[in-house]
Amino acid sequence: MIDLKALRDDPARFKDGARKKNYDVDIDRILELDTLKRDLMTRAEALRAQQNKLAKESGPKIGQLMGKLKKAEPDERAAIEAEVESLKAAPNKLKNEIQVLNASIDDIAPELDELLMQVPLPPDPDVPVGASADDNVELKRWAPDDWDWNQSFEQNKGFAPKTHIELCKDLGLVDFPRAVKLAGARSYALTGDGMRLHQAILRYALDFMADKHGFAPMSVPVLVREEAMTGTGFFPAGREQAYHVEETTRGGGHDLYLTGTGEVGLMGLHQNEILDEDQLPLKYVTVSTCFRREAGAAGKDTAGLYRIHQFDKVEQVVICRADEQESRDWHKKMLGYVQELLQSLALPHRLLQCCTADLGVKNADMIDVECWMPGRGDTSPSLSSASSVPSEGGASSPPTSNASPTGAFGETHSASRLYDFQCRRLNMRARKGGEGAKGETTFCHSLNNTVAASPRLMIPILEMHQNPDGSVTVPEVLRGYMGGSESIG
RNA sequence: GGAGAGGUGGCAGAGCGGUUGAAUGCGCCGGAUUCGAAAUCCGGUAUGGCGGUUUCCGUCAUCGGGGGUUCGAAUCCCCCCCUCUCCGCCA
């Protein structure tokens with residue numbers, strides 16, 4: 001939610017922001033409704049003030065008269081009743097006028113609220129303006145010393161890579177067919193070392209943030225109320241992405257939603273709270289199962305572990321003081337942690353500055369991290385087919401052509417800077433001394449970033465660390481979480 | 001799942017149709033007293049919206065949330081949410 005006052009003061013800024021983000025919101029209509037609503041409110045309140053004043057004067061009199069009426073002789077009753085009616089007349093008239101005004105307010109309020117929810121947070125001025133994700137800008141790349149970006153996987157490593165799908169099949173890490181039988185498309189079952197690797201990644205990432213960077217480890221609900229989805233900014237725009245759990249037997253108001261990220265649970269924790277400014281920033285890390293309907297992604301990345309309905313994610317969230325510089329500093333730090341983590345896993349990756357069109361409603365700035373995935377991208381004739389090792393099963397590639405994929409970047413992380421957009425919706429404020437203290441409250445700033453999403457992160461780990469013999473070397477930092485195993489297969 | 005009790009200011013806790021935004025106590029802040037402290041006494045002590053002559057003033061709303069009855073609602077009615085107790089079930 002944006003600040004309505006800010007919108008009144010500088011509508012051009014919000015119009016410009018919406019345009020850059022490709023959002024179509026009628027801001028002039030908002031201003032029109034807002035003016036109208038305030039005018040109606042002012043008038044209704046003035047009448048209400050009169051009514052309150054009258055009630056204080058005539059109220060006790062009516063009370064006395066009503067008492068009198070009970071004990072009154074029949075011949076006195078008519079006079080008393082008439083007096084009561086005359087006392088009621090003025091406030092009654094006011095009441096009717098107020099009701100008319102309130103009805104008008106009720107008429108326009110829903111439209112205003114709905115429109116207001118749709119106004120995106122303007123992107124920061126330093127975010128590149130773009131029309132689509134194609135206009136995102138690469139900021140930097142990192143790769144281990146033995147990786148040359150100008151060469152293919154095969155040239156770098158001396159053998160043609162298998163895709164993670166082939167590796168999973170050959171090494172018995174994932175059972176796709178049975179999972180699909182049980183749960184439908186985009187499902188998977190992790191088996192054996194696949195499950196171990198998955199858990200190792202999650203636990204390593206959690207410990208990395210908690211022990212090394214002082215984030216408080218949390219476990220939070222993944223089944224939440226609509227309020228939490230709206231508050232965190234995932235509703236109404238992303239409603240079709242979320243699984244809706246109907247509680248038919250309990251009746252209305254009980255329905256719940258499965259969260260698509262731990263961010264919802266972490267941010268929702270402090271909904272409607274006044275935090276102690278001195279206790280900020282709050283730094284949380286959680287590991288949670290994430291549920292996504294992937295509506296609108298039909299036909300995209302249908303095979304493998306890339307785009308799935310259910311996965312686990314270690315997520316970091318920071319709630320800090322409402323200070324732009326502090327927000328910007330945290331954004332950098334949170335990205336830094338991820339780079340450090342990916343370096344420790346020896347995964348080549350790049351930082352991608354998302355352009356305005358790719359930001360979504362709630363972000364002022366968003367930087368994605370993409371890992372190199374040798375098994376993605378177009379398949380092209382193998383550059384040196386002679387040296388390629390045939391897969392043991394032989395089912396991974398057509399026997400007649402030695403095609404191997406070119407490799408491509410695949411998104412593994414996304415770091416968002418939201419300023420007070422989310423905290424405004426969540427009604428999360430801060431002041432010195434917290435809840436009981438005095439003084440001004442301000443909406444906090446919030447930021448979030450992936451630490452590790454698995455199984456997706458298993459893709460670059462498996463593909464980058466595969467060996468000519470079909471085995472996969474386990475990155476050193478994960479070995480302690482896999483009973484010391486140095487390799488899979 | 002069944003039965004019952006209850007949600008009031010930072011906390012405890014009254015009020016259960018009429019100058020009640022809310023008694024009283026605790027806490028907190030300021031002052032007096034004191035060499036200082038304790039004790040005591042005095043005063044203050046919610047949030048949000050709107051407007052203004054914008055360190056302040058006016059006004060409206062808020063007693064779990066929403067709706068209703070009424071000239072008037074913390075108080076009566078309806079729906080919802082939450083908490084507690086007992087029973088049942090259960091990892």
Side-chain angles (χ1 to χ4, degrees), chain A residues 1-9 30-31 33-70 80-110 112-113 116 219 221 223-231 246-257 268-269 271-279 420 423-444:
Chain A
M1 179 100 75
I2 52 101
D3 182 1
L4 184 55
K5 274 185 201 156
L7 182 76
R8 275 180 214 140
D9 291 346
I30 293 178
L31 293 170
L33 289 171
D34 173 52
T35 306
L36 187 60
K37 186 183 162 195
R38 278 187 297 156
D39 176 54
L40 289 167
M41 275 174 64
T42 308
R43 282 157 58 194
E45 283 177 8
L47 292 176
R48 194 83 168 113
Q50 274 187 55
Q51 196 194 25
N52 284 341
K53 207 173 157 194
L54 276 176
K56 280 185 182 173
E57 289 165 9
S58 59
K61 285 185 201 160
I62 292 173
Q64 280 177 5
L65 288 169
M66 294 304 278
K68 237 190 221 175
L69 190 63
K70 280 183 190 163
I80 296 171
E81 276 170 7
E83 201 179 343
V84 168
E85 285 312 308
S86 74
L87 281 169
K88 282 184 184 179
N92 219 344
K93 182 164 172 281
L94 285 171
K95 186 193 175 189
N96 290 332
E97 289 173 26
I98 293 166
Q99 275 175 348
V100 170
L101 288 172
N102 282 339
S104 307
I105 293 170
D106 289 345
D107 278 348
I108 60 170
L112 179 60
D113 292 347
L116 210 49
S219 172
L223 194 56
V224 302
R225 293 228 179 102
E226 182 167 358
E227 220 184 329
M229 298 300 281
T230 308
E246 275 187 83
E247 280 279 60
T248 47
T249 55
R250 295 185 68 192
H254 290 272
D255 282 8
L256 296 169
Y257 297 85
L269 281 178
Q271 193 165 12
N272 295 321
E273 286 186 26
I274 298 173
L275 304 169
D276 185 351
E277 198 175 282
D278 295 333
Q279 304 294 311
D420 64 0
C423 293
R424 225 170 244 289
R425 286 203 188 199
L426 285 165
N427 189 27
M428 188 193 301
R429 291 166 291 165
R431 78 148 69 102
K432 280 202 181 304
E435 192 89 41
K438 283 192 286 188
E440 209 179 311
T441 60
T442 49
F443 291 107
C444 305

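When all heavy atoms of A:Cys444 and A:Leu275 are compared, the pair lying nearest together is SG-CD1, 4.0 Å.
Atom-to-atom, CG of A:Leu275 to P of B:rU47 comes out at 15 Å; the value is rounded to the nearest Å. For the pair A:Met41 CE and B:rG58 P, the computed distance is 19 Å after rounding to whole Å. Atom CD of A:Glu85 is separated from atom P of B:rU70 by 13 Å (rounded to the nearest Å). The CG-C1' distance, from A:Leu54 to B:rU59, rounds to 16 Å in whole Å.
Using a 4.0 Å cut-off, no side-chain N or O of A:Thr441 falls inside it from OP1 or OP2 of B:rA46. The phosphate of B:rG51 (OP1 or OP2) has a side-chain N or O of A:Arg38 nearer than 4.0 angstrom. Side-chain nitrogen and oxygen atoms of A:Asn52 include at least one within less than 4.0 Å of the OP1 or OP2 phosphate oxygen of B:rC60. Note on A:Arg43: every side-chain N or O is 4.0 Å or more away from OP1 and OP2 of B:rC50. For A:Gln51, a side-chain nitrogen or oxygen approaches OP1 or OP2 of B:rG72 to under 4.0 Å.
For A:Asn102, there are no side chain to side chain donor-acceptor pair (under 3.5 Å) partners two or more places apart in sequence or in a different chain. For A:Glu83, the salt bridge (Lys or Arg N to Asp or Glu O under 4.0 Å) test picks out no residue, with sequence neighbours left out.
Remark on RNA chain B: of its neighbouring residues A:Thr42 and A:Lys53, the 5'-side contact belongs to A:Thr42, judged by nearest-heavy-atom nucleotide.
In this structure B:rA5 sits in a base pair with B:rU83, meeting the Watson-Crick or G-U test at under 3.5 Å. The partner of B:rA61, taking Watson-Crick or G-U wobble pairs whose two distances both stay under 3.5 Å, is B:rU47. Of all nucleotides present, only B:rC11 satisfies the Watson-Crick or G-U wobble test against B:rG25, with each distance under 3.5 Å.
Distances from the side chain of A:Ala49 to the nucleotides B:rG48, B:rU59, B:rG51 place B:rU59 closest. When distances run from any side-chain atom of A:Arg431 to the nucleotides B:rA46, B:rG49, B:rC71, the shortest one goes to B:rA46. When each of B:rC50, B:rG48, B:rC71 is scored by its nearest atom to the side-chain atoms of A:Glu45, the top-ranked nucleotide is B:rC50. Picking from B:rG48, B:rC71, B:rC60 the nucleotide with the shortest atom distance to the side chain of A:Lys95 gives B:rC71. Of the candidate nucleotides B:rC82, B:rU70, B:rC50, B:rC82 has the atom lying nearest to any side-chain atom of A:Arg225.
Atom CG of residue A:Leu4 and atom CD1 of residue A:Ile30 lie 8.0 Å apart, to the nearest 0.5 angstrom. A:Lys37 contributes atom NZ, which lies 11.0 Å from atom OG1 of A:Thr42 (distance to the nearest 0.5 angstrom).
Using a 4.0 Å cut-off between charged nitrogen and carboxylate oxygen, A:Arg38 and A:Asp34 count as a salt-bridge pair.
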For nucleotides 89-91 of chain B, list the nitrogen or oxygen atoms of the protein found under 3.5 Å from its nitrogen or oxygen atoms, one pair per line.
none

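Considering A:Lys93, A:Arg48, A:Arg43 in turn, A:Arg48 is the only one that fulfils the side-chain contact (heavy atoms from CB on, under 4.5 Å) rule with A:Ile98.
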